[in-house]
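Structure record follows, encoded as structure tokens.
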Amino acid sequence: MLGEFEYLLLSAAERLGEDAYGASIRQEIENTAGRPCSIGALYTTLDRLEEKGLIKTWMGDPTPERGGRAKRMVRITAKGIRAASNFYDVVVRASRGVCWEPK
């Protein structure tokens, strides 16, 4: 089962599609979750997801806007899509009948 941050990362990469790379994923997670995302946590999690076969990464071409540095591009694998879908289904099932409003 995925952890919350792994799910956030996969969701961000899916939303970004062809534009999914380290910095854009980080920004997407921060915008979505409303909290900071450390670059160390991001790249550690990318490595772990790749080891699990849930994503593929590769170095893109260097770009002038990044000072000639290459981007670490990210694509979710079929296994990653299944894992994210399963996580989402579990959260939905676990949330049925629960009201999170303060009493």
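Just the heavy atoms: all of them, side chains too, but no hydrogens, waters or symmetry mates, feed the values below. The structure presented is a predicted model; accordingly, all values stated were derived computationally and were not measured.
Considering all non-hydrogen atoms of both residues, A20 and A13 come closest at CB-O, 3.7 Å. Closest heavy-atom contact between A70 and G60: CB-O, 3.1 Å. Across G53 and K79, no two heavy atoms sit closer than the pair O-CB, 3.7 Å.
Under the side chain to side chain contact (heavy atoms under 4.5 Å, CB included) criterion, E30 pairs with R26, Q27, P36, C37, sequence neighbours left out. With sequence neighbours left out, the side-chain hydrogen bond (donor to acceptor under 3.5 Å, both in side chains) criterion links T32 to R15. For D19, there are no salt bridge (Lys or Arg N to Asp or Glu O under 4.0 Å) partners at least two apart in sequence or on another chain. With sequence neighbours excluded, no residue forms a salt bridge (Lys or Arg N to Asp or Glu O under 4.0 Å) with E14.
Counting only heavy atoms from C-beta outward, the side chains of L42 and I29 approach each other to under 4.5 Å.
Annotation: the span from L49 atom CG to T57 atom OG1 amounts to 10.5 Å, rounded to 0.5 Å. Note: T63 OG1 to K71 NZ = 5.0 Å, rounded to the nearest 0.5 Å. With rounding to the nearest 0.5 Å, the separation of CD1 in I55 from CG in L46 is 4.5 Å.
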All N/O donor-acceptor pairs, side-chain side in residues 80-103, below 3.5 Å, sequence neighbours left out:
unit_1 : atom_1 : unit_2 : atom_2 : d
N86    : ND2    : R82    : O      : 3.3
S95    : OG     : V91    : O      : 2.7

With a cut-off of 3.5 Å and sequence neighbours excluded, list every side-chain donor-acceptor pair involving residues 2-10.
unit_1 : atom_1 : unit_2 : atom_2 : d
E4     : OE2    : R35    : NH2    : 3.2
E6     : OE1    : G3     : N      : 2.8
E6     : OE2    : R48    : NE     : 2.9
E6     : OE2    : K52    : NZ     : 3.0

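Within 6.0 Å of the CG atom in N31, the count of heavy atoms belonging to other residues, nucleotides or ligands exceeds 12.
Here M73 is tied into one hydrophobic group with Y21, W58, each link being a pair of ILVMFWY side chains closer than 4.5 Å.
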